[in-house]
Amino acid sequence: MMHMTFYWGREVTILVNSWHTKTWLGYSLSLLACLLASIFYQYLENLRMRLKLISSGSVKAKPSPSATIAEPLLQTMGGGGKVRWSAARVGGAVLFGINSGIGYLLMLVVMSFNGGVFLAVVLGLAIGYLLFRSEDENSMLLDNPCACA
């Protein structure tokens, strides 16, 4: 029976068998790569949310929770089924797909169960949030803290 527990040490396999660290230098560079990938995830999420705000045409100060929930339903059901395609909307969908892929890869990286890798990913997400997303917290419609969402 295999137990999944966090461990500390320089030997870790990240995502694929060929990404296996054996030295402290390799381990440190891998932690740096995880940190940078996490920061990049937050950068792309910020870019996607800004594109969404620009494509909506206006930035609302702070929508009420009921308006946030009801609006998407009304737009899709009450508009006669007509969907407006725009470059911003397609770009947002592409960014969402890329960012979702990165988020799931970060989740799998954390599932290496190495304590240093876990801390590198979480620290990278926090740094990325601080650098790219913390100032626009009030203008965003939805802010999901899950890295893989």
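The chain is numbered in sequence order, starting from 1.
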Inset, instruction - Check side chain to side chain contact (heavy atoms under 4.5 Å, CB included) between L29 and all other residues, then give those that pass, not counting sequence neighbours. - result: L25
Legend entry - Co-membership, hydrophobic cluster, residues L130 and Y41, 4.5 Å side-chain: no
Inset, instruction - Report the residues that fulfil side chain to side chain donor-acceptor pair (under 3.5 Å) with S38, sequence neighbours left out, ordered by chain and then residue number. - result: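 S38 satisfies side chain to side chain donor-acceptor pair (under 3.5 Å) with no other residue.
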Under the 3.5 angstrom rule, does the side chain of [X] hit a backbone N or O of [Y] as a donor-acceptor pair?
| X | Y | answer |
| --- | --- | --- |
| R48 | L95 | no |
| N114 | G9 | yes |
| E11 | T21 | no |

Inset, instruction - Return the set of residues passing ring pair (Phe, Tyr, Trp, His ring centres under 6.0 Å) with F40 (not counting sequence neighbours), or none when no residue passes. - result: none
Between [atom1] of [X] and [atom2] of [Y], what distance do you get to the nearest 0.5 Å?
| X | Y | atom1 | atom2 | result |
| --- | --- | --- | --- | --- |
| E45 | L125 | CD | CG | 11.0 Å |
| I127 | L35 | CD1 | CG | 5.0 Å |
| M49 | F96 | CE | CZ | 10.5 Å |
| I14 | L31 | CD1 | CG | 7.0 Å |
| K22 | T13 | NZ | OG1 | 9.0 Å |
| L106 | M111 | CG | CE | 13.0 Å |

Do [X] and [Y] have side chains that approach each other closer than 4.5 Å (heavy atoms only, starting at C-beta)?
| X | Y | result |
| --- | --- | --- |
| I39 | F132 | yes |
| K52 | R50 | no |
| I102 | I98 | yes |
| T5 | F113 | no |

Inset, instruction - Identify the two heavy atoms, one from C34 and one from V117, that lie closest to each other, and give their separation to 0.1 Å. - result: SG-CG1, 4.2 Å
Legend entry - Closest heavy-atom pair and its distance - R10, Y27: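 Where R10 meets Y27 most closely, the heavy atoms are O-CD1, 3.4 Å.
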Legend entry - Criterion side chain to side chain contact (heavy atoms under 4.5 Å, CB included) on W8 and L119, from CA distance to verdict: CA-CA 11 Å; W8 298 91; L119 291 177; 3.6 Å; yes
Inset, instruction - Decide whether W19 and S30 meet the rule of one side-chain donor and one side-chain acceptor closer than 3.5 Å. - result: yes
Inset, instruction - Step by step, work out the side chain to side chain contact (heavy atoms under 4.5 Å, CB included) result for V12 and Y7. - result: CA-CA 10 Å; V12 61; Y7 68 95; 3.2 Å; yes
